[in-house]
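One structure is given here, and the rest of the page talks about it.
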Amino acid sequence: MMRYRYPVVSESEVTPKALFEQRRKFLRQGIGLGTAAAFAPGMLFSPTSHAWSAVLSRRLESDLPREEMAGGESLTPFEDITTYNNFYEFGTGKRDPEIYAHKLVTEPWSLSIEGEVEKEGTVALEDVIKRYPLEERIYRLRCVEAWSMVIPWIGFPLAELLKYHGLTSRSKYVVFEAIYDPDNLRGQRRSILDWPYQEALRIDEAMHPLTMLAVGLYGEAMPNQNGAPIRLVVPWKYGFKSIKSVVKIKVVEEKPTTSWHERNPEEYGFYANVNPEVDHPRWSQARERRIGEPGRRKTLMFNGYAAEVAHLYADMDLQRDY
């Protein structure tokens, strides 16, 4: 697989050592008890029990390869990443994911791999975590709402999973589906979207080495409010393409519908590539607000990943195919 090499960032630069060790100790203690702790609304909620989280905790004890892929920009603080989110399954407020994170049931968890693949099936998440080498990648995240972050994700390239299951000659698109649990996820009891949430990528986008499935951030298991236990991360696209809490991956031949594009195609394009020259109908995309920093900064084409991904769209009209 083609790799892009960037300067390695030390663990101490990613998060303060004391805080890093405190989180590790908390996770290990939770797993040792074998039970999920009770969390009050507003607390950070991370998976702490049963099969996949125990496997992940052991994987995180080792030194993971780290790649800095955000041009040396400062990391967004952990507290901001986990308290300012769009996760409409919990509600439409930015604090709703943090407040209601304890309602997301993540154990047990499995991924269904379907469609135009040679090996279909449902795979327990612990087996997914065991199968693929994990690494830490620092990416920019740009929301369609013109705010941004820099996040140290932990995961593996989506291409590795797709290659393992084998793509057929009819593999043109990859469709992702998120959890559907309206009994626990209050946002799904409202018609904000046609649930469950669905997103999709072209096969070349899915196989690109920057596209990853993330199972953690800042050295720990993925917090519930950020898409636990496994989510998509596509750094050159607006954040809504990076679907959270994935339960199904289906490879198809025909171009599928996606949740936000179906809801409002004028505002949310199928491709959703970060493009400062194509405005949202209700605001400019030329500049963005970096969470945790004052003022606004210029938005970069493809969120700063043009050198890696612009060739994917060389024959497209980016003003029309947004």
Side-chain angles (χ1 to χ4, degrees), residues 36-48 53 76-107 109 141-149 151 153 175-200 213-218 220-234 237-248 257-269 272 280-283 288-292:
F39 289 81
M43 283 187 68
L44 169 66
F45 185 89
S46 294
T48 57
S53 48
T76 301
F78 179 85
E79 291 71 19
D80 288 334
I81 293 171
T82 55
T83 59
Y84 192 90
N85 286 302
N86 286 325
F87 199 167
Y88 282 10
E89 283 83 347
F90 293 120
T92 57
K94 292 293 187 288
R95 290 289 305 276
D96 285 347
E98 177 204 13
I99 293 170
Y100 299 104
H102 63 288
K103 298 292 287 182
L104 176 62
V105 179
T106 62
E107 294 278 7
W109 197 276
L141 171 71
R142 173 59 153 82
C143 181
V144 73
E145 298 170 346
W147 56 264
S148 63
M149 297 181 176
I151 301 177
W153 303 104
V175 185
F176 306 85
E177 187 175 300
I179 185 175
Y180 180 66
D181 184 12
D183 289 341
N184 288 301
L185 304 179
R186 60 194 290 271
Q188 291 184 333
R189 297 195 290 269
R190 300 171 55 194
S191 57
I192 304 167
L193 294 167
D194 185 11
W195 305 109
Y197 191 75
Q198 181 173 289
E199 262 305 334
L213 289 171
V215 294
L217 59 80
Y218 257 113
E220 296 297 349
M222 187 71 68
N224 280 16
Q225 58 263 47
N226 293 95
I230 186 166
R231 62 170 290 168
L232 182 68
V233 178
V234 191
K237 294 180 179 289
Y238 291 119
F240 68 87
K241 295 294 288 187
S242 293
I243 185 172
K244 304 175 180 73
S245 302
V246 177
V247 297
K248 181 189 294 186
T257 59
T258 59
S259 293
W260 276 113
H261 185 62
E262 182 178 44
R263 179 70 181 225
N264 193 337
E266 296 301 318
E267 296 193 359
Y268 304 98
H280 187 281
R282 290 182 282 134
W283 56 78
E288 64 198 61
R289 175 173 60 95
R290 178 64 52 83
I291 300 301

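Values below: every heavy atom of this structure, side chains too, minus hydrogens, waters and symmetry copies.
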Inset, instruction - Looking only at non-hydrogen atoms, find the nearest pair between Thr76 and Arg290 and report the distance. - result: OG1-CD, 4.2 Å
Legend entry - Separation between CG of Asn226 and CG of Asn85, rounded to the nearest 0.5 Å: 4.5 Å
Inset, instruction - Measure across Gly227 and Met222 and return the closest heavy-atom pair with its distance rounded to 0.1 Å. - result: C-CG, 3.8 Å
Inset, instruction - Determine the minimum heavy-atom distance between Ile230 and Trp109, stating which atoms define it. - result: CG2-NE1, 3.9 Å
Legend entry - Test side chain to side chain donor-acceptor pair (under 3.5 Å) applied to Glu89 - qualifying residues, sequence neighbours left out: none
Inset, instruction - Quick one: pull up CG in Asp80 and CD1 in Ile151 and give me the separation to the nearest 0.5 Å. - result: 10.5 Å
Inset, instruction - Starting from the C-alpha separation in whole Å, work towards a yes-or-no answer on side-chain contact (heavy atoms from CB on, under 4.5 Å) for Val233 and Leu213. - result: CA-CA 6 Å; Val233 178; Leu213 289 171; over 6 Å; no
Legend entry - Heavy-atom pair with the smallest gap, counting every atom of Asp96 and Thr92: OD2-N, 3.3 Å
Legend entry - Gap separating the OG1 atom of Thr258 from the CG atom of Leu193, nearest 0.5 angstrom: 10.0 Å
Legend entry - Side chain Gln198, main chain Thr257, donor-acceptor under 3.5 Å: yes
Legend entry - Separation between CZ of Phe78 and CD of Glu220, rounded to the nearest 0.5 Å: 7.5 Å
Legend entry - Rounded distance (nearest 0.5 Å) linking atom OG of Ser242 with atom NZ of Lys237: 9.5 Å
Inset, instruction - For Lys241 and Ala200, indicate whether the former's side chain and the latter's backbone hold a donor-acceptor pair under 3.5 Å. - result: yes
Inset, instruction - Output all residues satisfying side chain to side chain contact (heavy atoms under 4.5 Å, CB included) with Pro265, sequence neighbours left out; order by chain, then residue number. - result: His261
Inset, instruction - Kindly say whether Leu104 contributes a backbone atom to a donor-acceptor pair with the side chain of Asn224 at under 3.5 angstrom? - result: yes
Legend entry - Whether Tyr238 and Phe240 hold their rings parallel, tilted or perpendicular, with breakpoints at 30° and 60°: parallel
Inset, instruction - In plain terms, say whether Lys94 and Glu145 are close enough for a salt bridge, that is, a side-chain N and a carboxylate O under 4.0 Å apart. - result: yes
Inset, instruction - Give the C-alpha distance, both sets of side-chain angles, the deciding distance and a yes or no for side-chain hydrogen bond (donor to acceptor under 3.5 Å, both in side chains) between Ser148 and Arg142. - result: CA-CA 4 Å; Ser148 63; Arg142 173 59 153 82; 5.7 Å; no
Inset, instruction - Please collect all side chain to side chain donor-acceptor pair (under 3.5 Å) contacts where either partner lies in residues 176-192, sequence neighbours excluded, each pair once. - result: Asp181-Asn184
Legend entry - Nearest non-hydrogen partners of Leu185 and Phe90, listed with the distance: CD2-CE2, 3.6 Å
Inset, instruction - Using a 4.5 Å cut-off on heavy atoms from C-beta on, say whether the side chain of His280 contacts that of Tyr268. - result: yes
Legend entry - N/O donor-acceptor pair under 3.5 Å between Lys244 side chain and Asn86 backbone: yes
Inset, instruction - Quick one: closest heavy-atom pair of Pro223 and Leu217, and the distance? - result: CD-CG, 3.8 Å
Inset, instruction - Please answer whether the main-chain N or O of Phe176 pairs with a side-chain N or O of Glu199 as donor and acceptor at a distance below 3.5 Å. - result: no
Inset, instruction - Compare all side-chain heavy atoms of Tyr88 with those of Trp195 and state whether any distance is below 4.5 angstrom. - result: yes
Legend entry - Trp147 CH2 to Glu288 CD distance, which is reported to the nearest 0.5 Å: 11.0 Å
Inset, instruction - For Asn264 and Trp260, indicate whether the former's side chain and the latter's backbone hold a donor-acceptor pair under 3.5 Å. - result: no
